[in-house]
Amino acid sequence: MDKNKFYITTTLAYVNADPHIGFAREIVQADVLARFHRSIGDEVFFNTGTDEHGLKIFRKAQELEIDVQKYCDEKAENFKKLKGMLNLTFDSFIRTTDEHHVKAAQEFWKICDKKGDIYKKLYKVKYCVGCELEKTESELVDGKCPLHPNMEIEIISEENYFFRFSRYQEKLLKLYEENPNFVLPKKRMNEIRSFVEMGLEDFSISRLKNKMPWGVPVPGDDEQVMYVWFDALVDYVSTLGWPGDTEKFEKFWPGYQLCGKDNLRQQAAMWQAMLMSAGLPNSKQVFVNGFITSKGEKMSKSLGNVINPQDMVVKFGVDGTRYLLLSSGTFGEDSDLNWEGMVEKYNADLANGLGNLLSRVIKLSEKIDAGIAPKARPLESKGLAFGDFGEFFGKLELSQSLEYIWKIIQDNNKYIEENKPWELTHNHPEKFQKIMEKLLNDLSSISQLLESFMPETSEKIKKALETKQAIALFPRIK
RNA sequence: CGCGGGGUGGAGCAGUCUGGCAGCUCGCGUGGCUCAUAACCACGAGGUCCCGGGUUCAAAUCCCGGCCCCGCAACCA
């Protein structure tokens with residue numbers, strides 16, 4: 001891990017829907033890493049943004065009968081709002097319709113083209129006249145459209161540009177071999193490696209403009225626009241000012257990327273091959289999240305079980321939401337979120353755990369005004385095995401970092417029980433003071449450890465320790 | 001033989017890579033405490049680790065075979 005510079009980016013959110021909870025988790029994870037690295041003195045660049053091109057978006061806007069750019073503008077605002085809603089600290093919010101990005105994508109294309117990695121070829125499209133739609137192989141049942149089984153699928157030929165993905169098989173395998181942790185968790189690394197080992201096919205990177213005009217124009221060809229993936233991936237470098245502003249780019253690239261498991265191929269293989277083609281360094285590492293299910297089912301509008309981040313914030317507050325998003329499940333595995341479970345966890349960990357510990361300690365400290373000023377032990381000298389804690393960050397095992405903090409909370413509750421400080425106030429004031437010192441110092445440390453995860457809560461704890469004013473951090477929820 | 005994930009006390013999960021008394025949270029039961037947000041602490045009940053073979057002194061973990069569930073089309077990370 002770079003000592004002084006830290007660049008972290010989420011994937012770009014596709015604007016054909018409102019902010020999804022999976023994306024919310026991803027961006028909160030990125031925020032925690034960004035805050036953490038700032039706290040240890042690194043220079044940080046934290047990127048996120050929106051992916052706005054492509055057929056789906058074009059159609060959606062048509063459906064709503066509004067201008068496509070206007071549609072994107074409105075949707076992008078919804079995503080920008082996450083900043084305040086979830087208390088995020090991203091430095092850059094890039095939109096793939098930004099003029100600078102469009103230019104960067106075109107420049108990227110030109111470089112790959114010069115390298116000989118882009119060529120034109122006839123592309124056979126399977127078309128169902130019944131649906132008036134192109135169909136992929138996986139959509140067909142016995143070679144026919146399941147919705148129109150008595151109609152023949154038509155084969156239409158169209159000329160598209162292709163990227164010579166196949167040329168990068170060896171290089172990608174070498175990249176993986178030299179960086180065994182290039183993708184985390186390990187099983188995703190294995191998955192992408194075996195995918196590449198099976199052989200790569202060149203993929204199409206353009207569309208005919210007269211069928212789908214909503215894309216970045218292909219340089220030197222008026223009839224084609226870029227396929228959305230090709231331009232979207234370039235955002236990771238265009239956001240750093242590439243190709244014009246080399247200063248920021250040189251400083252921060254390569255960086256760390258977060259994505260969901262459905263994005264593995266694009267981020268860990270396609271994008272890496274594109275970087276190789278353009279002669280740019282590969283990403284540093286790709287963290288791949290699992291999906292969030294709800295009661296074991298995929299969240300979907302049709303099932304009506306979608307949990308959106310805004311509703312969570314209303315119910316649990318900003319930090320409550322951040323905590324719930326970060327603490328559920330194991331990094332890389334699918335995890336489950338549902339309202340009952342979340343209320344339970346909120347009450348157990350935040351209200352009864354952290355919140356209650358703070359109030360009992362503050363109340364105890366009122367018994368004798370011993371004038372104790374809790375010392376915020378600096379992270380590095382903390383006697384709390386900080387090494388383990390920091391290591392979890394490197395592996396994105398943030399739920400484990402949190403468990404580590406909650407272990408301290410539990411220990412403190414135990415400590416209070418064992419020492420019964422409330423019995424000591426009259427006859428053993430010195431003993432009482434010693435005990436309170438330990439409790440107040442530990443809380444101070446907890447507030448520090450929590451800083452990246454729950455910034456407001458961390459601040460509130462600090463303040464409560466200074467003013468000795470008891471506050472209900474997290475009121476119980478029924 | 002398309003690709004991948006999963007099956008561990010009532011619920012949700014960790015542990016599997018690198019074999020060594022089966023662990024965590026919630027819930028449940030009993031007791032304790034009264035500083036605290038009806039919070040906290042202790043103890044306890046509850047498990048054929050999907051099934052069948054194999055390797056081994058030893059298997060949830062490694063090997064072989066099988067069963068079942070869920071993704072890979074749409075909203076979506």
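Values below: all heavy atoms of this structure, side chains included; hydrogens, waters and symmetry mates excluded. Keep in mind it's a predicted model, so treat the numbers as computed, not measured. Order of the sequence lines sets the chain letters (A, B, ...), proteins ahead of strands, with each chain counted from 1.
In this structure, A/Asp262 reaches the sugar-phosphate backbone alone: every heavy-atom distance under 4.0 Å involves primed, P, OP1 or OP2 atoms, never a base. At a threshold of 4.0 angstrom between heavy atoms, the contacts of A/Glu333 are confined to the sugar-phosphate backbone, with no base atom among them. Using a 4.0 Å heavy-atom criterion, one finds that A/Ile292 contacts the bases of the nucleic acid, with or without backbone contacts as well. Among the heavy atoms of the strands lying under 4.0 Å from A/Tyr14 are primed sugar atoms or P, OP1, OP2 only; no base atom is included. A/Gly290 comes within 4.0 angstrom of a base, heavy atoms only. In this structure, A/Gly341 reaches neither bases nor backbone, as no heavy-atom distance under 4.0 Å exists between it and the strands shown. Contacts of A/Gln410 with the nucleic acid, taken as non-hydrogen atoms under 4.0 Å apart, involve only primed sugar atoms and P, OP1 or OP2. Using a 4.0 Å heavy-atom criterion, one finds that A/Leu357 contacts no nucleic acid atom at all.
Ring pair A/Phe393/A/Phe453 is tilted by interplanar angle, where 30° to 60° counts as tilted. Between A/Tyr346 and A/Phe474, the ring planes are perpendicular. Angles over 60° get that label, and only those under 30° would be called parallel.
In this model, the phosphate group of B/rG6 is approached by a side-chain N or O of A/Lys187 to a distance below 4.0 Å at OP1 or OP2. The phosphate of B/rA39 has OP1 or OP2 within less than 4.0 Å of a side-chain N or O from A/Arg476. For B/rC26, neither phosphate oxygen OP1 nor OP2 lies less than 4.0 angstrom from any side-chain nitrogen or oxygen of A/Lys345. For B/rA14, one of the phosphate oxygens OP1 or OP2 lies less than 4.0 angstrom from a side-chain nitrogen or oxygen of A/Thr330.
Shown here, B/rA42 forms a base pair with B/rU30; the pair counts as Watson-Crick or G-U wobble because both key distances fall under 3.5 Å. Under the Watson-Crick or G-U wobble criterion, with both distances below 3.5 Å, B/rG12 is paired with B/rC24. The partner of B/rC3, taking Watson-Crick or G-U wobble pairs whose two distances both stay under 3.5 Å, is B/rG71. Across every strand in view, B/rG65 sits in a pair with B/rC51 that passes the Watson-Crick or G-U test at under 3.5 angstrom.
Residues satisfying the side-chain hydrogen bond (donor to acceptor under 3.5 Å, both in side chains) test with A/Thr50, not counting sequence neighbours, are A/Glu52.
Taking the nucleotide of RNA chain B with the nearest heavy atom to each of A/Thr293 and A/Lys420, the more 5' of the two is matched to A/Lys420.
On the C1' atoms, B/rG29 is 38 Å away from B/rG52, given to the nearest whole Å. For B/rG7 and B/rG47, the C1' atoms lie 14 Å apart once the distance is rounded to whole Å.
The listed nucleotides are B/rA14, B/rU37, B/rG71; the one nearest the side chain of A/Asn356 is B/rU37.
Atom CD of A/Glu177 has 12 or fewer heavy atoms from other residues, nucleotides or ligands within 6.0 Å.
Among A/Phe46, A/Tyr236, A/Tyr256, A/Phe45, the single residue meeting the ring-ring contact (aromatic ring centres under 6.0 Å, His included) criterion with A/Tyr7 is A/Phe45.
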